[in-house]
Enquirer: 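Got a structure for you, written out below as structure tokens; questions coming shortly.
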2 protein chains.
Amino acid sequence: MEHRIEKIKKQLQSQSYKLTPQREATVLVLLEHEEDHLSAEDVYLLVKEKAPEIGLATVYRTLELLNELEVVDKINFGDGVSRYDLRKEGANHFHHHLVCMECGAVDEIQEDLLGDVESIVERDFQFKIKDHRLTFHGVCHRCQTEDTAAASETEETEYSSK
Amino acid sequence: MEHRIEKIKKQLQSQSYKLTPQREATVLVLLEHEEDHLSAEDVYLLVKEKAPEIGLATVYRTLELLNELEVVDKINFGDGVSRYDLRKEGANHFHHHLVCMECGAVDEIQEDLLGDVESIVERDFQFKIKDHRLTFHGVCHRCQTEDTAAASETEETEYSSK
DNA sequence: CTTTCGAATTATAATAATTACAATCAAATA
DNA sequence: TATTTGATTGTAATTATTATAATTCGAAAG
């Protein structure tokens with residue numbers, strides 16, 4: 001964990017940015033919640049526990065910066081907020097997502113899967129691919145088994161969808 | 001063109017919704033701009049030309065309704081606004097997009113391409129896929145040829161997301 | 001060690017997208 | 001015709017995000 005912060009620090013410094021305490025706290029929160037898909041507001045609240053004096057605008061700016069450095073990916077699942085997802089170590093492509101339409105859970109797929117598709121697209125459309133976003137919407141394995149077992153118990157979603 | 005409106009009308013009626021003049025004007029605008037990826041605001045301005053008395057809230061509501069009926073797909077390219085994309089006639093899956101990081105153009109891919117990938121995902125993750133979103137970010141064929149022509153014009157290829 | 005300078009941060013204000021609200025209107029029904 | 005129901009309107013409210021201006025911090029120079 002420690003060396004990942006070091007690495008990010010070097011990335012920042014290579015572009016003459018600094019790893020300020022606020023930025024460090026933000027990165028720490030992201031590392032500790034690698035599995036989740038936090039919104040800027042979520043990150044803000046969590047960082048505040050470590051560094052209560054931080055401002056929301058700083059969190060936005062830090063996330064923006066980390067996005068430019070490709071440390072995090074900004075993603076939108078259509079619920080009105082942007083979420084920030086830490087890129088896996090050594091990953092050269094953005095991972096994919098499975099969004100459950102019933103419980104709201106978001107699972108990740110680390111495997112590439114798109115290699116062939118990308119070759120086809122680059123050839124047929126003469127489009128130089130730099131990045132991709134692939135999200136499947138459907139029913140996760142948890143909800144499938146629940147559904148067959150207990151008919152339809154209203155399940156609260158993970159995200160507070162306004 | 002006329003029969004597509006008829007079809008949408010029937011879809012509405014089958015769920016006991018009505019094709020009101022405002023809804024009809026909105027659908028018409030969508031049909032006339034099938035190639036584009038309009039935001040709610042864009043649609044509003046265009047519909048106003050046909051039906052000046054329409055309100056923005058009605059446009060939002062109509063688009064929401066059409067989205068539920070799967071007549072349009074709501075999509076977000078990360079620029080802060082939702083865009084509404086008419087589903088091709090007879091299409092049973094949402095089409096894919098190529099977003100150019102240089103000129104901002106958005107091209108569409110109608111071919112499926114994901115059949116194999118979806119089989120793998122459904123099997124390996126026991127995830128029942130209902131819908132998908134696939135977007136490639138990169139450089140479109142137009143910008144590629146421009147780039148090679150005027151190779152050393154601007155070194156800056158940074159993509160300002162806003 | 002002190003001064004200086006520029007980047008970073010803060011609180012707050014502004015903007016932009018979207019949704020909620022309350023009154024009005026229109027078609028459908030009795 | 002009177003009543004009910006659903007749709008629309010303009011506006012207000014809410015939410016996410018970005019811009020601003022003043023302040024602080026930290027490294028480099030003296």
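Everything quoted here is computed from the prediction, not taken from an experiment.
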Enquirer: Under 4.0 Å between a side-chain N or O of Gln22(A) and OP1 or OP2 of dC25(D)?
Expert: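 Checking dC25(D) against Gln22(A), no side-chain N or O comes under 4.0 Å of OP1 or OP2.
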
Enquirer: Has Arg61(B) got a side-chain N or O lying under 4.0 Å from the OP1 or OP2 atom of dT8(D)?
Expert: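 False: Arg61(B) side-chain N/O out of range (4.0 Å or more) of dT8(D) OP1/OP2.
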
Enquirer: Just by protein heavy atoms under 4.0 Å, how would nucleotides 23-30 of chain C read 5' to 3' in B, S and -?
Expert: --------

Enquirer: Strictly below 4.0 Å: does Tyr60(B) bring a side-chain N or O up to OP1 or OP2 of dT19(C)?
Expert: no

Enquirer: Which heavy-atom pair separates Glu118(B) from His132(B) by the least distance, and what is that distance?
Expert: OE2-ND1, 2.6 Å

Enquirer: Fit a plane to each ring of His37(A) and His97(A), take the angle between them on a 0 to 90° scale, and name the class: parallel (under 30°), tilted (30 to 60°) or perpendicular (over 60°).
Expert: perpendicular

Enquirer: Kindly give the heavy-atom pair with the smallest separation between Tyr44(A) and Leu56(A), and that separation in Å.
Expert: CE1-N, 3.4 Å

Enquirer: If you look at every heavy atom in His137(A) and Phe77(A), which pair is closest and at what distance?
Expert: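 Closest pair (atom of His137(A), atom of Phe77(A), distance): CE1-O, 4.3 Å.
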
Enquirer: Heavy atoms under 4.0 Å, any strand shown: does Thr58(B) hit a base, just sugar-phosphate, or nothing?
Expert: base

Enquirer: Counting only side-chain nitrogens and oxygens, does Ser82(B) get under 4.0 Å of the OP1 or OP2 atom of dA17(C)?
Expert: no

Enquirer: Which parts of residues 42-56 of chain B get close to DNA chain D, meaning a heavy atom less than 4.0 angstrom away?
Expert: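 The answer is Glu53(B), Ile54(B), Gly55(B).
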
Enquirer: With a 3.5 Å cut-off and sequence neighbours excluded, list the donor-acceptor pairs that the side chains of residues 18-30 of chain B form with protein atoms.
Expert:
unit_1, atom_1, unit_2, atom_2, d
Thr20(B), OG1, Arg23(B), N, 3.2
Arg23(B), NH1, Lys18(B), O, 2.7
Thr26(B), OG1, Gln22(B), O, 2.8

Enquirer: Which nucleotide, dA11(C), dT19(C), dA8(C), lies nearest any side-chain atom of Ala57(A)?
Expert: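 The closest nucleotide is dA11(C).
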
